[in-house]
Amino acid sequence: KQEVTQIPAALSVPEGENLVLNCSFTDSAIYNLQWFRQDPGKGLTSLLLIQSSQREQTSGRLNASLDKSSGRSTLYIAASQPGDSATYLCAVMGNSGGSNYKLTFGKGTLLTVNP
Amino acid sequence: DAGITQSPRYKITETGRQVTLMCHQTWSHSYMFWYRQDLGHGLRLIYYSAAADITDKGEVPDGYVVSRSKTENFPLTLESATRSQTSVYFCASSEYGPDTQYFGPGTRLTVL
């Protein structure tokens with residue numbers, strides 16, 4: 001059974017700092033890994049999707065890496081801003097065959113960026 | 001472009017009542033999903049659908065029923081609500097299976 005762990009559970013940084021969020025997963029048989037952000041009381045917003053054959057993806061100040069063999073991904077946020085404050089969720093899509101494209105989620109990292 | 005919508009956004013019901021949560025997407029995505037989010041458990045898949053009239057169980061399907069007669073709609077029914085089904089429910093869709101999933105705003109359900 002796939003398990004996804006995110007460390008740290010919470011992180012507080014001053015504005016402008018570069019930061020790294022970590023995600024690990026137990027089963028390397030995956031289609032892709034997705035990073036989402038969730039604002040309080042809201043739904044999930046997709047940030048980046050990394051295919052299993054890729055090493056990294058970039059979008060603006062965000063860069064996500066994937067090391068499938070070691071079961072690890074990192075989300076790098078450059079020059080953090082107060083608007084980046086949210087919960088960041090890592091999710092892995094398992095490659096178990098058939099049509100079950102199920103996402104297994106970590107419990108998230110709550111990020112607070114202080115002005 | 002409405003994207004993916006859920007209704008109602010908030011619902012309070014009593015134990016034993018039937019409740020239906022609605023999900024509608026305007027993209028004609030093939031895949032649709034229902035998740036529940038609970039403190040301490042994170043998001044867990046309840047049911048998913050690969051196309052109209054094709055549905056299958058996820059990780060926590062007990063007590064829930066789904067149907068998908070039209071591509072754009074994927075209702076989730078709690079046949080006899082229990083307190084343990086108090087949760088925030090999210091619907092999601094994707095154009096094809098191994099693709100980015102787009103989430104609705106969620107329905108906060110309280111079962112008294």
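All of these numbers come straight from a predicted model, not from anything done at the bench. Only this structure's heavy atoms are used, side chains among them; waters, hydrogens and symmetry mates stay out.
Between the side chain of K102(A) and the main chain of L45(B), no donor-acceptor pair closer than 3.5 Å is present. The closest donor-acceptor contact from the side chain of Q34(A) to the backbone of D99(B) lies under 3.5 Å.
The local environment of CD in E14(B) is sparse, with at most 12 non-hydrogen atoms from other residues, nucleotides or ligands closer than 6.0 Å. Counted within 6.0 Å of CG on L112(B), heavy atoms from surrounding residues, nucleotides or ligands total more than 12; the atom is thus considered enclosed. Other residues, nucleotides and ligands contribute more than 12 heavy atoms inside 6.0 Å of the CZ atom of R61(A). Counted within 6.0 Å of CD on E95(B), heavy atoms from surrounding residues, nucleotides or ligands total 12 or fewer; the atom is thus considered open. No more than 12 heavy atoms of other residues, nucleotides or ligands sit less than 6.0 Å from atom CZ of R55(A).
Both L62(A) and V92(A) belong to a single network of hydrophobic side chains, linked directly or stepwise wherever heavy atoms of I, L, V, M, F, W or Y lie under 4.5 Å apart. Connection of L11(A) to I77(A) is established within a shared hydrophobic cluster, with ILVMFWY side chains joined at heavy-atom distances below 4.5 Å, either directly or through further cluster members. Note on L75(A) and V4(A): same hydrophobic cluster, where clusters join Ile, Leu, Val, Met, Phe, Trp and Tyr whose side-chain heavy atoms are under 4.5 Å apart, directly or indirectly. Linking Ile, Leu, Val, Met, Phe, Trp and Tyr whenever their side-chain heavy atoms come within less than 4.5 Å puts L19(A) and L47(A) in one cluster. When hydrophobic clusters are built by joining Ile, Leu, Val, Met, Phe, Trp and Tyr residues whose side-chain heavy atoms come closer than 4.5 Å, directly or via intermediates, W34(B) is not grouped with V88(B).
For the side chain to side chain contact (heavy atoms under 4.5 Å, CB included) criterion with P98(B), the lone passing option out of I30(A), L49(A), N32(A) is N32(A). When each of F33(B), Y48(B), Y35(B) is tested with L103(A) by the rule side chain to side chain contact (heavy atoms under 4.5 Å, CB included), just one qualifies, namely Y35(B).
Listed in order of number, the residues of residues 60-86 of chain B that approach chain A to under 4.5 Å between heavy atoms amount to none.
Of all heavy-atom pairs spanning T100(B) and S46(A), the tightest one is CG2-OG, 3.2 Å. When all heavy atoms of G43(A) and F90(B) are compared, the closest pair comes out as CA-CE2, 3.4 Å.
The part of L89(A) that comes within reach of chain B is its side chain, from C-beta onward, which places non-hydrogen atoms under 4.5 angstrom from that chain. With a 4.5 angstrom heavy-atom cutoff, Q38(A) touches chain B only via side-chain atoms. Using a 4.5 Å cut-off between heavy atoms, Q37(B) touches chain A through its side chain atoms alone. Residue R44(B) does not touch chain A at all, counting heavy-atom pairs closer than 4.5 Å.
The candidate from G42(B), S94(B), P105(B) with the greatest count of non-hydrogen atom pairs under 4.5 Å with chain A is P105(B).
Taken to the nearest 0.5 Å, the CD atom of Q101(B) stands 4.5 Å off from the CE atom of M93(A). Interatomic distance, F36(A) CZ to F103(B) CZ, rounded to the nearest 0.5 Å: 5.0 Å. Here L44(A) contributes atom CG and L43(B) contributes atom CG; the two are 5.5 Å apart, rounded to the nearest 0.5 Å.
In this structure the side chain of T45(A) never reaches within 4.5 angstrom of the side chain of Y102(B), judged on heavy atoms.
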